[in-house]
Amino acid sequence: MQQKDMEQKTPTRKNLVILIHGLHQTTWMMRPLAKRLQAQGFATHQYRYRSMRDSIKTNSQRLHEWLSANHNPDQPIDLVGHSLGGLIIRDFLANYPKWQIGRCVTLGTPHVGSVCADYVWRLSPLIVGRSYIDALDGTATSCPKHIHLGVIAGDKPRGLGQPFLQYHNRKLNKEGESAATENCAHDGTVYVSETRLECANDHIVLPVTHTGMLVDKEVARQVIYFLENGEFEH
């Protein structure tokens, strides 16, 4: 009887969570989220890559190489990516199907391309580097249909990209295009509409900025909820 009770109380093994930072960032930006995941029993790895110097293809390949050297392919992994990190996840999923994937969450990722990045690319390509082509330009590899994906967007409009997005909103109004609330809503860098992806299983918008979402308790709670339940708590 005691043995049966002990078996019932044994916690379910949780997948290793790979955390992938965004453009112009380093692994320490993902540390607050990593700590909150670890507090809930998840093992984590903060994947380091060069967002300016290397292309999305190179960075997803190096993630594959790191996993090949450090992880058993028989054990599933979960993936969480912020901004550009979410696009690396998409490229990785499409090109390295040997890995067993549990669930994925993207945070403020411009899945259909970034208007802000478009403006910066035209003004000074060096600022976005090699992360623009095949990624921020909206041409990232399609996400495999079997992947269980959750998308978190922010709508608190504060950030370095705000001047570009305000200008773009005024331009749309002058051209007489639709200015629905969601079409104009953004997190200071990425429009809410840019985060939407048809193959995603769930999508939620929270009152956070593009960078602020990385330290926000509610964002972390929703990430954990999705990884455990396959949906957000709306």
Pair D155-D187, side chain to side chain contact (heavy atoms under 4.5 Å, CB included): steps then yes or no: CA-CA 5 Å; D155 65 358; D187 62 8; over 6 Å; no
N/O donor-acceptor pair under 3.5 Å between Q100 side chain and D74 backbone: yes
The reported gap from CG in D137 to OG in S114 (rounded to nearest 0.5 angstrom) is 10.0 Å
Compare every heavy atom of R36 with every heavy atom of A220, then report the nearest pair and how far apart it is. CB-CD, 3.5 Å
Go through it in stages, so that I can follow the logic: the residues are Y49 and R62, the test is side chain to side chain contact (heavy atoms under 4.5 Å, CB included), and I'd like the CA-CA distance, side-chain angles, deciding distance and then a yes or no. CA-CA 8 Å; Y49 70 97; R62 287 179 177 163; over 6 Å; no
Least distance between heavy atoms, V190 atom then G108 atom: CG2-O, 3.7 Å
Which residue, E194, R90, R196, forms the side chain to side chain donor-acceptor pair (under 3.5 Å) with H111? R90
Can you tell me how far apart CD1 (I152) and CG (D202) are? Round to the nearest 0.5 Å. 9.5 Å
Among residues at least two apart in sequence or on other chains, which ones pass side chain to side chain contact (heavy atoms under 4.5 Å, CB included) with C104? L79, I89, L93, I101, I147, L149
How would you list, by chain and number, every residue that makes a ring-ring contact (aromatic ring centres under 6.0 Å, His included) with Y132, sequence neighbours excluded? W121
M30-W28 co-clustered via ILVMFWY side chain contacts under 4.5 Å: yes
Should we say atom CZ of R48 is surrounded by more than 12 heavy atoms from elsewhere, each under 6.0 Å from it? no
S68/W99 under side chain to side chain contact (heavy atoms under 4.5 Å, CB included): CA gap, chis, key distance, verdict: CA-CA 9 Å; S68 296; W99 300 103; 3.6 Å; yes
Would you be so kind as to tabulate the donor-acceptor pairs closer than 3.5 Å made by side chains of residues 15-24, with sequence neighbours excluded?
{"residue": "N15", "atom": "ND2", "partner": "D78", "partner atom": "OD1", "Å": "3.1"}
{"residue": "H21", "atom": "ND1", "partner": "Q25", "partner atom": "O", "Å": "3.3"}
{"residue": "H24", "atom": "NE2", "partner": "I127", "partner atom": "O", "Å": "2.5"}

Does any non-hydrogen side-chain atom of H203 lie less than 4.5 Å from one of V192? yes
Heavy atoms of A34 and T44 approach each other most closely as CB-OG1, 3.9 Å
Other residues, nucleotides, ligands: >12 heavy atoms within 6.0 Å of K217 NZ: no
Working to the nearest 0.5 Å, report the span between CG of L214 and OG of S83. 9.0 Å
Are more than 12 heavy atoms from other residues, nucleotides or ligands located less than 6.0 Å from atom CZ of R53? no
Between OG1 of T141 and CD1 of I56, what distance do you get to the nearest 0.5 Å? 6.5 Å
Is it true that K57 and D91 make a salt bridge, defined as a side-chain N closer than 4.0 Å to a carboxylate O? yes
Is there a path of hydrophobic side-chain contacts, each under 4.5 Å between heavy atoms of I/L/V/M/F/W/Y residues, joining Y119 to Y191? yes
Where is the tightest heavy-atom contact between D216 and E218, given as atom of each residue plus distance? OD2-N, 3.0 Å
4.5 Å side-chain heavy-atom contact, P110 and L136: yes
Would a single hydrophobic cluster contain both Y47 and V105, if residues Ile, Leu, Val, Met, Phe, Trp and Tyr are joined by side-chain heavy-atom contacts under 4.5 Å? no
ILVMFWY cluster, V223 and I204 together (side-chain gap under 4.5 Å): yes
Got a donor-acceptor contact below 3.5 angstrom from the T209 side chain to the G212 backbone? yes
Pairing residues for F42 by the ring-ring contact (aromatic ring centres under 6.0 Å, His included) criterion, not counting sequence neighbours: none
Please determine if R103 and E228 form a salt bridge, counting it only when a charged side-chain N lies under 4.0 Å from a carboxylate O. no
List in chain and number order the residues that pass ring-ring contact (aromatic ring centres under 6.0 Å, His included) with W66, two or more places apart in sequence or in another chain; answer none if no residue qualifies. H45
Rounded to the nearest 0.5 Å, how far apart are CZ of R221 and CG of L206? 9.0 Å
Any residue meeting ring-ring contact (aromatic ring centres under 6.0 Å, His included) with H210, in chain and number order, not counting sequence neighbours: H82
Is there side-chain contact between C199 and K145, with at least one heavy-atom pair below 4.5 Å? no
Test log, rule side chain to side chain contact (heavy atoms under 4.5 Å, CB included), inputs R31 and Q46: CA-CA 8 Å; R31 190 177 179 184; Q46 293 154 246; 3.9 Å; yes
Residues N95 and H64: side-chain donor-acceptor under 3.5 angstrom: no
T195 and V151 have their tightest heavy-atom pair at O-CG1, 3.3 Å
Do L84 and I133 belong to the same hydrophobic cluster, where Ile, Leu, Val, Met, Phe, Trp and Tyr are linked whenever their side-chain heavy atoms lie under 4.5 Å apart, directly or via other members? yes
How long is the gap from CD on E233 to CD on E231, to the nearest 0.5 Å? 9.0 Å
Measure the shortest side-chain to side-chain distance between D118 and R122 over non-hydrogen atoms and say whether it is less than 4.5 angstrom. yes
I224 side chain reached by L37 side chain, heavy atoms, under 4.5 Å: yes
Which atom pair, heavy atoms only, marks the closest approach of P73 to K98? CB-CE, 4.1 Å
